[in-house]
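Below is one structure, written out as structure tokens; the observations come after it.
Order of the sequence lines sets the chain letters (A, B, ...), proteins ahead of strands, with each chain counted from 1.
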There are 4 protein chains.
Amino acid sequence: MARGINKVILVGNLGNDPETKYTQGGMAVTKASLATTSVRKDREGNTQERTEWHRVTFFGKLGEIAGEYLRKGSQVYVEGSIRYDKYTGQDGVERYSTDIIADEMQMLGGRGEGGGGAGAGRGEFRGGSAGDRSERPARAPSRQEGSGQGHAPRREAPPAKANDFADDFADDDIPF
Amino acid sequence: MARGINKVILVGNLGNDPETKYTQGGMAVTKASLATTSVRKDREGNTQERTEWHRVTFFGKLGEIAGEYLRKGSQVYVEGSIRYDKYTGQDGVERYSTDIIADEMQMLGGRGEGGGGAGAGRGEFRGGSAGDRSERPARAPSRQEGSGQGHAPRREAPPAKANDFADDFADDDIPF
Amino acid sequence: MARGINKVILVGNLGNDPETKYTQGGMAVTKASLATTSVRKDREGNTQERTEWHRVTFFGKLGEIAGEYLRKGSQVYVEGSIRYDKYTGQDGVERYSTDIIADEMQMLGGRGEGGGGAGAGRGEFRGGSAGDRSERPARAPSRQEGSGQGHAPRREAPPAKANDFADDFADDDIPF
Amino acid sequence: MARGINKVILVGNLGNDPETKYTQGGMAVTKASLATTSVRKDREGNTQERTEWHRVTFFGKLGEIAGEYLRKGSQVYVEGSIRYDKYTGQDGVERYSTDIIADEMQMLGGRGEGGGGAGAGRGEFRGGSAGDRSERPARAPSRQEGSGQGHAPRREAPPAKANDFADDFADDDIPF
DNA sequence: TTTT
DNA sequence: TTTT
């Protein structure tokens with residue numbers, strides 16, 4: 001039924017530590033900025049460099065993995081789709097945003113401290129198993145789990161009430 | 001945990017009607033040949049054409065859709081991965097085969113008779129709905145359904161015993 | 001020297017006839033909107049549809065081909081990269097735009113009136129030959145050529161003075 | 001004029017040091033094996049791993065860069081197309097081979113000894129400049145250059161007579 | 001604004 | 001074996 005292909009493939013480095021929030025329904029939503037730099041020579045022979053900063057959003061299980069394993073500087077492969085949104089700012093001006101909705105992620109490098117092995121996909125043979133996914137409860141870690149945090153110290157505790165996030169994402173926004 | 005990306009994107013035309021078989025477990029496995037042609041001029045200025053024939057395999061729900069909607073000549077977008085296999089022929093000689101395992105398909109064109117609208121993905125927001133997928137029984141059409149065939153006359157009836165296919169594909173071969 | 005991959009693959013239909021302008025240096029710059037639609041079912045089982053409108057820009061030879069062969073409704077494959085720009089509107093408000101800079105295009109469908117065969121790449125074996133490209137003068141058709149227009153009636157004549165476009169694109173903006 | 005898209009995107013590690021040869025015309029042709037591994041759980045919950053070994057071929061300038069910078073174990077992004085060939089072995093048996101013809105390459109990792117920055121494309125904004133390419137003589141380094149080898153000790157000297165390679169590649173095989 |  |  002779908003009409004069209006909307007596919008993005010990025011390889012780059014994160015410009016910041018990812019930030020994870022949770023929807024009311026408990027779904028992780030992780031965002032990070034990813035830089036891709038291209039180089040060319042202009043007609044005078046000068047090297048020209050240009051960097052694009054992509055806003056990448058990871059939902060669900062992928063959001064949890066991204067929030068847990070990715071850090072500022074991480075080199076990462078991201079596959080996903082482009083999403084354009086329109087919103088009205090607090091100043092009443094209409095603005096537009098563009099996001100890359102990830103549906104596969106793979107950490108690159110691997111030998112370094114920040115690198116290393118973690119990779120995750122969605123509905124993909126490679127990158128996370130169906131077993132893993134089906135065992136996952138469809139909600140965020142409970143407050144008890146979250147407050148302990150011994151096992152995942154860098155993951156932000158899910159909000160006691162997730163609805164500070166509900167303006168941005170209904171659970172139906174899960175893009176799959 | 002996966003290491004690596006193995007991704008193929010093809011747009012081309014089928015050289016034959018797809019053939020669908022069913023595994024013992026009732027999973028559809030559809031195969032077709034897809035041509036992609038490239039053109040260049042050699043140094044003498046002559047146009048050189050070269051066609052690659054890709055063997056594409058569609059599993060499961062995607063195999064059913066491919067078998068039902070694709071025909072010889074269909075223009076199609078296929079996304080998947082490359083799989084190399086080694087086998088020993090009846091003459092005792094080792095041979096190699098290369099297959100494209102599709103995980104997304106979309107029919108192109110659309111205005112023609114053969115074209116038209118059908119698209120299907122796997123674990124994808126676009127291309128078939130999760131609802132569709134979850135409603136699907138995890139087995140091939142029963143013999144009764146198959147023999148009637150009123151609703152899908154071009155779909156090969158599943159074999160009375162699927163095990164003529166079992167040498168090729170165990171159900172665990174489902175690539176997802 | 002480049003760091004990163006920034007790759008976009010789109011298959012969709014144009015929402016408008018492409019518009020071609022020329023830079024001061026005579027390079028064609030063609031723009032069009034391309035729709036990709038995805039479908040999913042939400043938790044209530046209702047079908048949800050969402051369309052992204054991509055602003056696609058074709059430069060140089062590819063811009064000439066796109067301007068000549070593509071039309072509103074054309075189904076097309078586009079490969080390129082994402083480019084984010086920031087500008088200040090006439091109201092003094094900072095705004096952002098996102099463009100897909102095409103570096104390969106292929107018309108799909110083919111049987112219809114609007115479809116049909118034309119394909120073009122840049123630096124690609126498939127889709128346009130190196131010979132074609134090297135023979136091409138690095139400037140727009142001259143006014144004489146343009147005013148005749150017998151051979152390409154739908155191509156906008158290049159402006160007598162191209163510099164109405166110079167604010168948008170210097171010739172060094174050619175992304176290759 | 002081209003009909004079809006034949007695109008492959010790989011991220012993986014090399015299983016061997018690349019081997020570079022030169023055509024009669026002096027074009028570098030570098031080959032290496034690249035592994036991509038995927039993981040899934042079967043129905044019994046056991047982790048299943050499968051590795052595909054891709055034969056990747058780099059031509060021309062890209063072949064020189066690949067031969068110079070890539071090593072066994074290098075993690076690399078490769079973009080290219082699939083090419084199927086048929087040949088008759090010395091035993092008189094017809095065999096088939098599948099190669100990935102690279103048209104873009106980028107080294108990943110970067111911080112390690114083996115990693116590190118080098119990337120190269122063909123006809124791409126990112127990854128090597130048009131200036132670089134056009135300045136490059138369309139031949140291999142001369143024997144004098146090659147014999148010195150001080151700057152590139154791991155590059156195989158081009159053969160005194162390249163025609164030991166001519167059976168495999170005419171210069172017209174350059175895929176661009 | 002396209003398409004089905 | 002497709003397609004243009």
Side-chain angles (χ1 to χ4, degrees), chain A residues 1-6 84 86, chain B residues 10-19 31-40 47-56 65-66 69-78 100 106-120 126-129, chain C residues 10-19 31-40 47-56 65-66 69-78 100 106-120 126-129, chain D residues 1-6 84 86:
Chain A
M1 226 60 122
R3 292 302 283 166
I5 298 294
N6 171 0
Y84 308 99
K86 180 186 185 175
Chain B
L10 304 174
V11 175
N13 298 276
L14 297 195
N16 59 350
D17 282 356
E19 294 177 26
K31 293 171 175 292
S33 290
L34 189 154
T36 57
T37 300
S38 51
V39 184
R40 70 179 179 104
T47 294
Q48 301 273 16
E49 219 177 79
R50 185 183 160 95
T51 296
E52 306 301 333
W53 284 100
H54 309 268
R55 300 176 20 152
V56 183
I65 294 171
Y69 292 103
L70 298 183
R71 290 292 167 267
K72 181 176 179 174
S74 296
Q75 190 182 35
V76 67
Y77 169 95
V78 168
I100 307 303
Q106 200 150 129
M107 295 185 66
L108 303 174
R111 297 212 177 86
E113 62 322 329
R126 78 200 69 87
S129 72
Chain C
L10 303 174
V11 175
N13 298 278
L14 297 194
N16 60 349
D17 282 356
E19 295 176 24
K31 292 171 176 291
S33 289
L34 188 154
T36 58
T37 300
S38 51
V39 183
R40 69 178 179 107
T47 293
Q48 300 272 17
E49 218 176 81
R50 184 181 162 97
T51 296
E52 306 300 333
W53 284 101
H54 308 269
R55 301 176 19 152
V56 183
I65 294 172
Y69 291 103
L70 298 183
R71 290 293 167 266
K72 180 177 178 174
S74 296
Q75 190 182 34
V76 68
Y77 170 96
V78 168
I100 307 304
Q106 199 149 131
M107 296 185 65
L108 304 174
R111 296 212 178 85
E113 64 317 332
R126 76 201 71 86
S129 71
Chain D
M1 225 62 122
R3 292 303 283 165
I5 297 294
N6 171 0
Y84 307 100
K86 180 185 184 175

Between F:dT4 (C1') and C:Leu108 (CG): distance, integer Å: 13 Å

Stepwise side chain to side chain contact (heavy atoms under 4.5 Å, CB included) check, C:Lys72 with C:Leu14: CA-CA 5 Å; C:Lys72 180 177 178 174; C:Leu14 297 194; 5.6 Å; no

C:Trp53 aromatic ring stacked with six-membered ring of E:dT2, 5.5 Å and 30°: no

Proximity to the side chain of B:Ser33 - top-ranked nucleotide from E:dT1, F:dT1, F:dT4: F:dT1

For atom CE of B:Met107 and atom P of E:dT4, their distance in whole Å: 12 Å

Rounded distance (Å) that lies between atom P of F:dT3 and atom NE2 of B:His54: 16 Å

Proximal nucleotide (of F:dT4, F:dT1, E:dT1) relative to the D:Arg3 side chain: F:dT4

Nearest-Å distance for atom pair CG/P, residues A:Asn6 and E:dT2: 19 Å

Spacing of C:Tyr77 atom OH relative to F:dT3 atom P, expressed in whole Å: 21 Å

CG-CZ distance between C:Leu108 and D:Arg3, expressed to the nearest 0.5 angstrom: 7.5 Å

Option passing side chain to side chain donor-acceptor pair (under 3.5 Å) with C:Thr36 (candidates C:His54, C:Glu52, C:Arg50): C:His54

Whole-Å gap separating P (E:dT4) and CD (C:Gln48): 22 Å

Rounded distance in Å - CD (C:Glu19) to P (E:dT2): 15 Å

Touch class at under 4.0 angstrom, heavy-atom based, for C:Thr51 against every strand present: base

Euclidean distance, atom CG of residue B:Leu34 to atom C1' of F:dT3 [Å, nearest integer]: 10 Å

Residues that B:Ser33 engages under side chain to side chain donor-acceptor pair (under 3.5 Å), provided they are two or more places apart: none

